[in-house]
Amino acid sequence: MKFGDQLQQEIFAPWRLSYIQYDVLKNELKARQMDHTWNPQDEKEFVSLLENELEKVYDFVTAKLSEVEARISYCERTIQTFMNNPTWSSDQNWGIMDDALTEVLFDVNDLAKFTRLNYIGFKKIIKKHDKWTDLNLQQDFVPQLRNRPLDRQRFDVAIVFISALHDICRLQGKPRTGNSAAGGDQSAFERATAKYWIHPDNITEVKSIIMLHLPVLIFNKEKRFESSDSAISSVYFDNPDFDLYTGRLQRDEGAEAIRFRWYGPMSSKAIFLERKTHHAVWLNGASVKDRFRLNVDDVSNFVAGDLTADECAERMRAKGTDPKVVEDSHFVAQGIQTSIQEKQLSPVLRAFYDRTAFQLPGDQMVRVSLDTNLSFIREDNFDRSRRGSREWRRPDVGIDYPFGHLDDSECLRFPYAVLETKLQTHLGQKAPEWLTKLVDSHLVHEVPRFSKYLHAASYFFRERMPLLPWWLSEMEIDIRKPRSTNFGLTRSKSFKPLIDGQYRRAMETEERRMSMVADPSKSSEIKRRNSARSVVSPFEDALYAPVKPYALNDRSASASETLVGTPQEKQEHTSFYSPPTTKKNKKTDQPQFGEQVWANELPVNTEPTLIVSSDVPLDYGPFGKNRQSGQNMEMRNLGEPVVVSGKNKKDIRLNMDDSGSSFEEKKPTTWRRALGLGGNLVDDPNKKGAYVALKKIKIEPKVFFANERTFISWLQFAALLLTVALNLLNMGDYVSRIAGGIFIGISIAVAFYALYRFEKRAWMINRRVLGRYDDLWGPAVLCALLVGALIVNLYLRFK
């Protein structure tokens, strides 16, 4: 796709006028080229246009960032007010602030895409200019790009602040249990990891999606977060024969990777000496990463052997460190020092990246990290001296990405971000559903067993390597994928934020429902919490205004089959507020007529699917005869009440006519909207006395086309059968004419049956009827008729 078309396709409509006018610049460049030879005056005017566009875009980004910062500050002050004044701390107010933060998050995501798209636009138009004019504007325009650096805009800090405030709203001001720094000094990690590449176009969206489910992990909450806090640098060790590289690539038993890592700026005092071991013998074949902490001033002595593992352990004991920690650290230090001396290891290369980690504080069961600005820098002295003999890292390289002072032969800037998921599967931890959806989506590209060190070593020292990693071929392809589902962050036609194609409230309701289904014990806790709430804010008074009551029919739970997840007959829904229950008739166990019926009293089953817990779909039976008429069904919108009509009460469809309701009174929908159910409920065919939530759906044109293709396929078979029948009638004897007549009858029957099925399916699709769309009996009856006709023909022929 040409960039001009891509730009028009990805433009965010409210900001349309602030984008680079790529087509205008391109047409200006082309028109001048075609009119006359490019001259200095043309160059001056074109550069002036380019500078105006750059200034316009940069000023817009700056203004938007200031606006985002102001909105975050406002949310922070308001949340602080809620926490200091309990009377303001209501579900309604916390929900309002959470919505506001979601809006800010979507704006940050849109702004990141805006910035990158415009930056690519400027690069494209400058490259096109140099190609058409044989000039070098790309080099001459560097000062302007440095003064207004679109490629250096950082949105990490804003996302971290939004994450912290969003987590407070999620907990409604209660402190998060667990220590954020827990695991910082942990000596051993045993986790199952998976790695993925993220295209720069999708980085901010992926961060935002993860942030909605896991908070950004901040180790030092006493210090205000800065962009340098996310920097991580690691120096990898190997020998001139690259034995560690070969062992890791071949996944040899006991293969090691040794690196020295520090967090933040170069002035950081704490250095973590880490060792990754594949199938460690001391752990019965489990792969493990272990490490210990050392002061930066002691690292050189440790590498040279002047500081032994025993001395490190003695220092830790003198400080009163836990004996178990001392023992583990001594084991790791001794192993690393032994490997350095015996294998003659030395610093080979450095990896730098900015890491955003997502994890519940103190809970390492699920951890997700996203590494951006990944760069690799040579640290070896193989061909020339880059550091002193007693130095273990280069003094001329800091954390100033993109390391413009280094030559391309010294620095490799990786084009993608790296997403890493870490699960403690040995403790029974499974991937959350949202994480499974993310790694299966178009936003990520899986690269099993990707290694930063192996990739960098194979790039810088390819002539020394007998083997290369398999993923190098993946660097030649475009890892971007078309959006195939609604997963991700999008906006509605009115530019409202949509998460996975639905509004945030609907998504959270679905997540709570899934959590209740997965853990039934949570439902009782939710019920207890809901019944304990008795204070209603003015906002909630309006939301839960009394509605016209109605009586429920007495239903008994006699169905033996239940929906997937075993929903309860009277499942409590996690609404933000559930008023106290009312008295019920002891005989019928149902509300008295004239009493208010609330959400947590209704026998609601919010499982959105109507498939029973078996492989066979539920048969909804034939259609009822009592169909509604006199209404233009196709012009009605979704979201109307759903009724069960028909003789046997198995025909489920949307009620488009207020007068045709099968209930005694019009059911109230206020509580349904509050619960995010949209007012669409139908009787659960699997459990009497329960309802099933019906989701709003959009019918795509391809559904109608599929129905039409099925109809045409049946007609083709009928036409083929008719051709055979006419040949038998016109050119056969008496027996052949009888067989031809039978085949004509069958072809006519097939044609009319196909028309009937086509019309019936079209009627079901137009009315969003829940039922079977497949054909159970048609193909079987057709086969039986054909076999019968052949038998008759054979009988008459050989009689």
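Predicted model, so just to flag it, every value in this text is computed and none were measured. Positions are given from 1 along the sequence.
Taking the side chain as every heavy atom from C-beta outward, Phe106 and Ser208 never approach each other to under 4.5 Å.
With rounding to the nearest 0.5 Å, the separation of CG in Leu785 from CG in Leu721 is 10.0 Å. Rounded to the nearest 0.5 Å, atoms CD (Glu446) and CH2 (Trp471) are 13.0 Å apart. Separating the CG atom in Leu722 from the CG atom in Leu729 is a distance of 9.5 Å, to the nearest 0.5 Å. In this structure, CD on Glu433 lies 9.5 Å from NE2 on His213, to the nearest 0.5 angstrom. Here the CD1 atom belonging to Ile742 is positioned 13.5 Å from the CZ atom belonging to Arg737, to the nearest 0.5 angstrom. Going from atom OG of Ser441 over to atom CZ of Arg483 covers 8.5 Å, rounded to the nearest 0.5 Å.
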Would Arg491 and Asp107 count as a salt bridge (Lys or Arg N to Asp or Glu O under 4.0 Å) if you check the C-alpha gap in whole Å, the side-chain angles of each, and the deciding distance to 0.1 Å?
-> CA-CA 11 Å; Arg491 289 187 181 269; Asp107 282 350; 3.0 Å; yes
Full working for side chain to side chain donor-acceptor pair (under 3.5 Å) between Asn202 and Tyr416 = CA-CA 10 Å; Asn202 302 325; Tyr416 307 123; over 6 Å; no
Take Thr102 and Asp99 through the test side chain to side chain donor-acceptor pair (under 3.5 Å) and record every step on the way to the result.
-> CA-CA 5 Å; Thr102 303; Asp99 288 338; 5.1 Å; no
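Ring pair Trp15/Phe12 is perpendicular by interplanar angle, where above 60° counts as perpendicular and below 30° as parallel. Between Tyr22 and Phe3, the ring planes are perpendicular. Angles over 60° get that label, and only those under 30° would be called parallel.
In this structure, Lys195 contributes its side chain and Phe450 its backbone to a donor-acceptor pair below 3.5 Å. Of the possible polar contacts, none joining the Lys113 side chain to the Val108 backbone as a donor-acceptor pair under 3.5 Å is found. Here the side chain of Asn766 pairs a donor or acceptor atom with the backbone of Ala762 at under 3.5 angstrom.
Heavy atoms from other residues, nucleotides or ligands lying under 6.0 Å from NZ of Lys481 number more than 12. Shown here is Phe752, whose CZ atom has no more than 12 heavy atoms of other residues, nucleotides or ligands within 6.0 Å.
Checking Leu438, Val447, Leu443, Thr421 one by one against Tyr196, the side-chain contact (heavy atoms from CB on, under 4.5 Å) holds for a single residue, Thr421. Across Asn109, Leu435, Thr204, Leu489, a single residue satisfies side-chain contact (heavy atoms from CB on, under 4.5 Å) together with Ile209, and that is Leu489.
Checked against side-chain contact (heavy atoms from CB on, under 4.5 Å), Phe758 has the following partners two or more places apart in sequence or in another chain: Asn707, Glu708, Phe711.
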